[in-house]
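Here's the structure we're looking at; comments come further down.
The sequence lines fix the lettering, A, B, ..., with proteins before strands; numbering per chain opens at 1.
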Amino acid sequence: MDWWIEPFLLGFQQRALIGGLVAAVMCAVVGVWLVLRGMSFFGDAFVHGVLPGIAAAVIFGFNPYLGAAVAALFMVGGIELIHRQTALKEDTAIGLLFVGMMALGVTIISRSNAYTGSLTSILFGDIFGVTDELITTMVVMGAVVIAAAVVLFRPLLALSFSATKAQSLGMRPRFAHAALLVLIATAVIASFQAVGTLLVFGLLVGPPAAASLLSRTVPRMFVWSVALGALSVWLGLTLSYHLQTAGAATIALVAVALFFALLALTRGVSAVRRRRVVAA
Amino acid sequence: MTELLAEAVDLRLGYGNQVAVAASRFTIPHRAVTAIIGPNGSGKSTVLNAVGGVLEPLAGRLTVLGGSPRVRPPKVSYVMQSLAFPAGTPITVREAVGMGLYPKLGWFGRPSADDRARVERAMERLGVTDLADRHLDELSGGQRQRVYVAQGMTQDHEALLLDEPLTGLDITSARVIDQIIHTERERGHAVVLTTHDLDEARAADWVVLMAGRCVAAGPPAEVLTREHLADAYGLGSLHAHAAEPEVLDDPHKPGVPGHDHSRHQHPH
């Protein structure tokens, strides 16, 4: 029993758990729509795209949330510009902004005296450095994200068919899409200090993808996604304590490993059922 | 004067800078079956999108049921093609059909018992009740098309728009949907469908012939003539029909909407 409790005895460990859980819930909810709408590449690019804003905030000493928000706006605007002005497909636009923003972020940080430390902290987070103030901010942003995800359920479900269908049902697809981008940005910005911009993507995609293997409806996918996200954080922190590995990276690793474990499990169960049907 | 579902005056349609339908003038009668026909890329679906209120005209005027098609709540139910479905989204047939209630319920409204009964009735009419708990991606194209029509029927509507509803369907699904088209008309609703099939167009009350613009609109006998078809399709594709333009029982039959609709055939 001690093996499970010991990793969370100290205050900073408990704050890491709470911060991680809040990030997991936020990302699990937003990530469901990211996965269902086939926007995983956009999500990946997005979490890297906020890097220059955060880097500038670190170097010039302003609020990193503001920096991340400005970078997110710039990124979405850039993708939209390329999409409208050229015949290139959206993934090319995303790729251009992805690498451009990432490179800009690293370039900005390279002017810092503590180059390696700053970069590592932004990319991989500092889950054991989570403060009470950060938890409060994360909880507020998390509440907004979850409320918005509930409000947007019908428009986003209709949008998963097509923008035309959503429009014909009066679900305002453009607004819903823009709102989803804001939700993704909010989840990333709220979570990056705890789990880092790179590894937040593990929580955005891992639990929802694993949840899709277990769910017959979208509401159930939300429930599974949140449960698997929370499990990833708790198990990740526990393993990181005992194996002496990096906290956020272990969480992301567990999230992805859970997907493959569930894939093997569900496929195995299906194969057994098929065999029973054939035998009967 | 015939009651109109839609009236287009100098209507231009397109996507971005791309014009799909050059300035066109046509009407679509209410309480009748209208077929929009034309070759690939002729603007059939574009016209349907505009009438359905999902595409804003580039220029000109389009009125639907006396107002702008973009004004909500829509009394026009738009049924998309079965090919379009959200692969990977865990959504059951019952949920998909229930989406037809969204225009009424908006983002937050809760469905009443009547609303739920409406969903069940639509599923029964389209013969998909047995599939209610199946996923959309577990269905055949024909079954999915029936689900989409059931979704359209669930929506409170006066007009049903169907984008190539019978293309590539199994016989059972095609029969069920064809029956729905008849019933809708009998109920005094308008049905507008796009098709590639001249026989389907001949069986309609009204035809809009497209070729990047509206070539002609009117009763089948007046629209599906050799001259118009040559204009829309080019001569090469017309040999079979040009040799025997079997259009045309009686162009002056008092038929819109009273035209004999019994010839509406199922696809082959």
Side-chain angles (χ1 to χ4, degrees), chain A residues 31-40 80 83-87 147-176 179-180 205 208-225 263 266 270, chain B residues 15-18 45-46 48-49 51-56 69-81 83-92 94-96 98-111 133-136 138 144 147-148 151-152 154-157 161 163:
Chain A
V32 165
W33 292 120
L34 199 74
V35 168
L36 291 184
R37 296 213 51 227
M39 293 169 65
S40 295
E80 193 63 20
H83 186 56
R84 281 174 189 263
Q85 296 296 322
T86 72
V150 170
V151 167
L152 289 166
F153 180 81
R154 282 179 187 165
L156 290 175
L157 186 61
L159 198 52
S160 72
F161 280 76
S162 71
T164 302
K165 186 69 225 174
Q167 177 76 33
S168 77
L169 293 171
M171 291 287 108
R172 303 182 64 190
R174 283 186 178 198
F175 177 82
L180 178 60
V205 172
S212 74
L213 301 173
L214 304 171
S215 311
R216 294 288 295 175
T217 65
V218 176
R220 278 190 205 169
M221 192 171 161
F222 276 114
V223 173
W224 275 115
S225 182
L263 180 65
T266 51
S270 298
Chain B
Y15 305 91
N17 296 325
Q18 192 80 30
S45 297
T46 305
L48 201 71
N49 286 343
V51 174
V54 296
L55 179 69
E56 191 137 21
R70 308 270 296 173
V71 171
R72 304 282 137 185
K75 284 286 188 182
V76 174
S77 190
Y78 182 101
V79 178
M80 57 190 189
Q81 287 188 43
L83 288 175
F85 76 102
T89 299
I91 183 166
T92 63
R94 181 177 276 108
E95 286 174 313
M99 287 171 70
L101 297 169
Y102 283 7
K104 178 191 170 196
L105 300 175
W107 288 21
F108 314 108
R110 290 182 64 79
D133 295 320
R134 296 264 292 272
H135 273 180
L136 282 188
E138 295 167 351
R144 203 154 49 230
V147 170
Y148 288 173
Q151 187 187 73
T154 303
Q155 190 174 336
D156 185 20
H157 65 280
L161 311 186
D163 196 2

(message) Using every non-hydrogen atom in the two residues, find where A:Arg216 and B:His135 come nearest and quote the distance to one decimal.
(response) O-NE2, 2.6 Å
(message) If you compare all heavy atoms of B:Pro90 against all heavy atoms of A:Ser215, which two are closest, and at what distance to 0.1 Å?
(response) CB-O, 3.6 Å
(message) Is A:Ser212 in contact with chain B via its backbone, its side chain, both, or neither, using a 4.5 Å heavy-atom distance?
(response) neither
(message) Please report the interatomic distance CG(B:Leu161) to OG(A:Ser168), rounded to the nearest 0.5 Å.
(response) 9.0 Å
(request) Identify which part of A:Met221 has an atom lying under 4.5 Å from any heavy atom of chain B, answering side chain, backbone, both or neither. (result) side chain
(message) Can you give me the closest heavy-atom contact between B:Tyr78 and A:Lys165, atom names plus distance?
(response) O-NZ, 2.7 Å
(request) Heavy-atom distances under 4.5 Å only: say whether B:Arg94 touches chain A with side chain, backbone, both or neither. (result) neither
(request) Could you pull out the closest heavy-atom pair between B:Trp107 and A:Arg172, with the gap in Å? (result) CZ2-CB, 4.4 Å
(message) Taking every non-hydrogen pair under 4.5 Å, which of B:Leu105, B:Thr92, B:Leu55, B:Asp133 racks up the most with chain A?
(response) B:Leu105
(message) Give me the atom names and distance for the closest heavy-atom approach of B:Pro111 to A:Arg154.
(response) CD-NH2, 4.1 Å
(request) Side chain from CB out, backbone as N, CA, C, O: work out which of these in B:Asn49 comes under 4.5 Å of a heavy atom of chain A, or both, or neither. (result) side chain
(request) Please state whether the side chain, the backbone, both or neither of B:Leu136 comes within less than 4.5 Å of a heavy atom of chain A. (result) side chain
(request) Using non-hydrogen atoms and a 4.5 Å limit, figure out which bit of A:Pro173 sits close to chain B: side chain, backbone, both or neither. (result) neither
(message) To the nearest 0.5 Å, what is the distance between CG on A:Leu157 and CE on B:Met99?
(response) 4.5 Å
(request) Pick whichever of A:Pro219, A:Ala158, A:Ser160 has the most heavy-atom pairs under 4.5 Å with chain B. (result) A:Ser160
